[in-house]
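Please read the structure below before turning to the comments.
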Protein chains: 2
Amino acid sequence: MACRLSDIAQQVGVDVSTVSLVLNNKPLAQTFKPKTRQRIREVAKELGYQPNAAARALQTKRTGNIGFIISDTVHDVWVNTYFGKQLAGCEQQCRDRGYGLQISRYNLQNIDQFVFPKKVGQRAIDGLVLTGHIASAVLLRFAEFNIPCVSVGDDAEEHLKMAMVSGDVVSGLHEAVTYLAQLGHHRVSRVTHSNFRSQEVCDQVAQQLKQSAQTASCSMTNIHAHGETESQIAINILDQLAAIPAKDRPTALITYDKLCLALITEIERRGLAYPQDLNLISFPNSDLCLYARPALTAIDMDIEQMGSVATKLLIDHLENGKPLDSEQLRMSFPMELIVRDSCLPPQQKQPSPALSAVTPSLGEHS
Amino acid sequence: MACRLSDIAQQVGVDVSTVSLVLNNKPLAQTFKPKTRQRIREVAKELGYQPNAAARALQTKRTGNIGFIISDTVHDVWVNTYFGKQLAGCEQQCRDRGYGLQISRYNLQNIDQFVFPKKVGQRAIDGLVLTGHIASAVLLRFAEFNIPCVSVGDDAEEHLKMAMVSGDVVSGLHEAVTYLAQLGHHRVSRVTHSNFRSQEVCDQVAQQLKQSAQTASCSMTNIHAHGETESQIAINILDQLAAIPAKDRPTALITYDKLCLALITEIERRGLAYPQDLNLISFPNSDLCLYARPALTAIDMDIEQMGSVATKLLIDHLENGKPLDSEQLRMSFPMELIVRDSCLPPQQKQPSPALSAVTPSLGEHS
DNA sequence: TTGTAGGCGTTATCAT
DNA sequence: ATGATAACGCCTACAA
């Protein structure tokens, strides 16, 4: 089974170099006798020849591997369906193009001596798809290795001169807030789990809202939530909301699918009602939105496609030298609001006083 | 940045081989002058030396990569949290041990010319963690490559002489069925999505039930469900149930988390009540179980741990030659029933006639 | 139309 | 206590 170029050469009765040329479809091979070429191919297939990746990589300085890596600030990475979809798109693209895919996390808890995916330094990887939070310090390290990078999502510490494939978050949120405004909401909040772009995005949305006259009366703010599990985060959020005077309290929340579900559970556990007491919009959309009752209105985007496109960009660069960072390359994918039933006009008479009249119950959320 | 062994050798003023010996902590290096060793290490660190993976692999016939691969009979692999947890465990173990992790799917739709993960044939991988459905024909192909394999889960076509790390499904199900029997249920079904072991498992559980006298009155059967999405599968299942005469109809279902949620949604859409009209147990447990109301009773197992242990087994074999297939190595992880609120004593008087009295509504499940 | 030779960066087996 | 030297399997000028 261990079959080398030389095995084929020997069997056909030619030199290794001949076989190499032919099997790699080099222009030079065109000058060979068609018969030789065919014979070589035959024997190669017969013997089940597969080039030895290491030997080839050593020579060509190309491994045919790309890496998908993610900061371990993201909890539950490989179980998180958001990144799972990105990964799915990436893996598909890799497979289509004949690339191997290495996955890893990197530790940026303490950036100084952060654990770097080994294989990157060892040149076992041709290019990198980055996702999650993108810290500049880390990128710098990657740059030292001179390894092409593309990021999925634009959750970067600062504006970076690198290729990014992301959803048009601002438009997506704007659409959602506009929708809520039309329903009569005046205060909506977004629950964020990132420290990087959240405030900036919020400001941009606010600015866009100002420009669209009909919705000038609705504001968007950020809520920073804490907790290990979604259930805990939900408790924390509702506690935070309860602490806000009713007249200033957001009447609708935008956050991710699982947290929406956890919020609903917690809302009802407190004797409140969803969606009457708190409207929810899931961002991004997912199939879980259908399992809330009433089903969650959501901001939809094609995450898998984003992963795929980012990977395509990377491989295109690798193979055809298409520039990756020359003109701050960014691809923004459109988002679409999918209206389901999680939003109602706010209750004008009694602005959900219930929220505050709650025993602050923590912990026991079996 | 591109720093080789020879660069260090030159700078220190010794030979490459010396450097190699020292940096790899070979016993032979003990004979070197401590001063030389230290100097070499210093310069190596200074220059940021990282061994070239390809060159090393070419020489040692070890790539330091392991592969995690899964049949593409599994829909939505990388988004599926079940496999995500396995992957998480695997990735953690790989990282701890300094291994790279390649992921891929393989196509076994038509086994004859199935698409084989390229990198495996190219010897870019030292060992394989297999998961999903494990078809014998595929294993045979892997065997040709003489590559060590371990599987997570035991969903294999036949009993294979290979290392398998799986949950003790039979005991888990047995515990669940026993619990249901104690509540007064007589017929419980398991919704399966595999064609391999499902019937066998069912039979084994039945046998175990017979042996435990107090539950002899409860039976377990399989339901094979069809559909693309969970919503469709849920519809299909409820249709199947409705077609069964009430007296023979199962009163409790065991299936995976998302399908449970979809079933609840569909049950209520049909004007029925959960859990009154149909009890549910999630297998395996997941955080989604908490978002059903009432929360789903579930069969819990440490899936991440299974992925981790499988990978450990593999790496141990790779490094210490611990046998992998000698005596049909299997590790069975215990399962535990986590009782929440999705099961009630069945309604004796009116054996849910409602289920049949339903307009067979298909399709429109927005 | 094909063969020869050198090198990719390591490791391993000899010598010295 | 260290240095040469030969692989590992493949690619690519250049020579024939």
Side-chain angles (χ1 to χ4, degrees), chain A residues 1-41 43-44 47-64 118-119 121-126 145, chain B residues 1-41 43-44 47-65 118-119 121-126:
Chain A
M1 243 317 47
C3 158
R4 291 151 307 174
L5 234 35
S6 59
D7 294 328
I8 302 175
Q10 193 173 7
Q11 181 147 348
V12 178
V14 295
D15 190 85
V16 243
S17 57
T18 311
V19 182
S20 173
L21 261 354
V22 170
L23 257 28
N24 288 322
N25 280 318
K26 294 288 171 184
L28 251 174
Q30 293 308 322
T31 64
F32 295 169
K33 272 195 299 221
K35 207 172 164 184
T36 319
R37 295 192 306 222
Q38 191 174 345
R39 182 94 188 89
I40 289 174
R41 281 188 220 287
V43 175
L47 263 47
Y49 173 74
Q50 295 276 99
N52 179 306
R56 171 174 281 180
L58 182 57
Q59 174 66 277
T60 60
K61 300 185 180 319
R62 277 281 151 88
T63 62
K118 231 182 174 176
K119 295 290 168 179
Q122 297 184 164
R123 272 148 270 270
I125 272 169
D126 294 338
F145 286 89
Chain B
M1 237 326 36
C3 156
R4 291 153 306 173
L5 234 35
S6 59
D7 294 327
I8 301 174
Q10 194 173 6
Q11 181 144 348
V12 179
V14 295
D15 191 87
V16 247
S17 53
T18 312
V19 182
S20 173
L21 259 356
V22 171
L23 257 29
N24 287 321
N25 279 318
K26 294 285 171 184
L28 252 173
Q30 294 309 322
T31 65
F32 295 167
K33 272 197 299 225
K35 209 175 164 183
T36 318
R37 294 193 307 223
Q38 193 175 342
R39 182 93 189 91
I40 288 175
R41 281 187 221 288
V43 176
L47 264 47
Y49 171 75
Q50 295 275 101
N52 179 306
R56 172 175 279 179
L58 182 57
Q59 173 70 314
T60 60
K61 300 185 177 321
R62 276 282 152 87
T63 62
N65 284 143
K118 231 180 171 177
K119 296 290 168 181
Q122 296 183 168
R123 270 149 273 266
I125 271 167
D126 294 338

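Bear in mind the structure is a predicted one, so any value in this text is a computation, not a measurement. Just so it is clear: chains get the letters A, B, ... in the order the sequence lines come, proteins before strands, and each one is counted from 1.
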If you check every side-chain atom of [X], which of [options] has the closest atom?
X	options	answer
B:T31	C:dG9, C:dT11, D:dA1	D:dA1
B:V14	D:dG3, C:dA12, C:dG9	D:dG3
A:T18	D:dA1, C:dT2, C:dA12	C:dT2

Exercise. Measure the CD1-CZ distance between A:I8 and A:R41 for me, rounded to the nearest 0.5 Å.
Key: 11.0 Å
Exercise. Could you tell me whether the side chain of B:S17 has a donor or acceptor atom within less than 3.5 Å of a complementary atom in the base of D:dA4?
Key: yes
[N] [atom2] sits how many Å from [X] [atom1], rounded?
X	N	atom1	atom2	result
B:F32	D:dT2	CZ	C1'	6 Å
A:L21	C:dT2	CG	P	11 Å
A:Q30	C:dT2	CD	P	13 Å
A:D15	D:dC10	CG	C1'	12 Å

Quiz item: Under the side-chain contact (heavy atoms from CB on, under 4.5 Å) test, which residues partner A:K26, sequence neighbours left out?
Solution: A:L21, A:N24
Quiz item: Does A:R4 put a side-chain nitrogen or oxygen below 4.0 Å from OP1 or OP2 of D:dC10?
Solution: no
Quiz prompt | Qualifying residue, where the test is side-chain contact (heavy atoms from CB on, under 4.5 Å) with A:V12 and the options are A:T18, A:V43, A:D7, A:V19 | solution = A:V43
Nucleotide N/O to protein N/O under 3.5 Å, stretch nucleotides 14-16 of chain D:
none

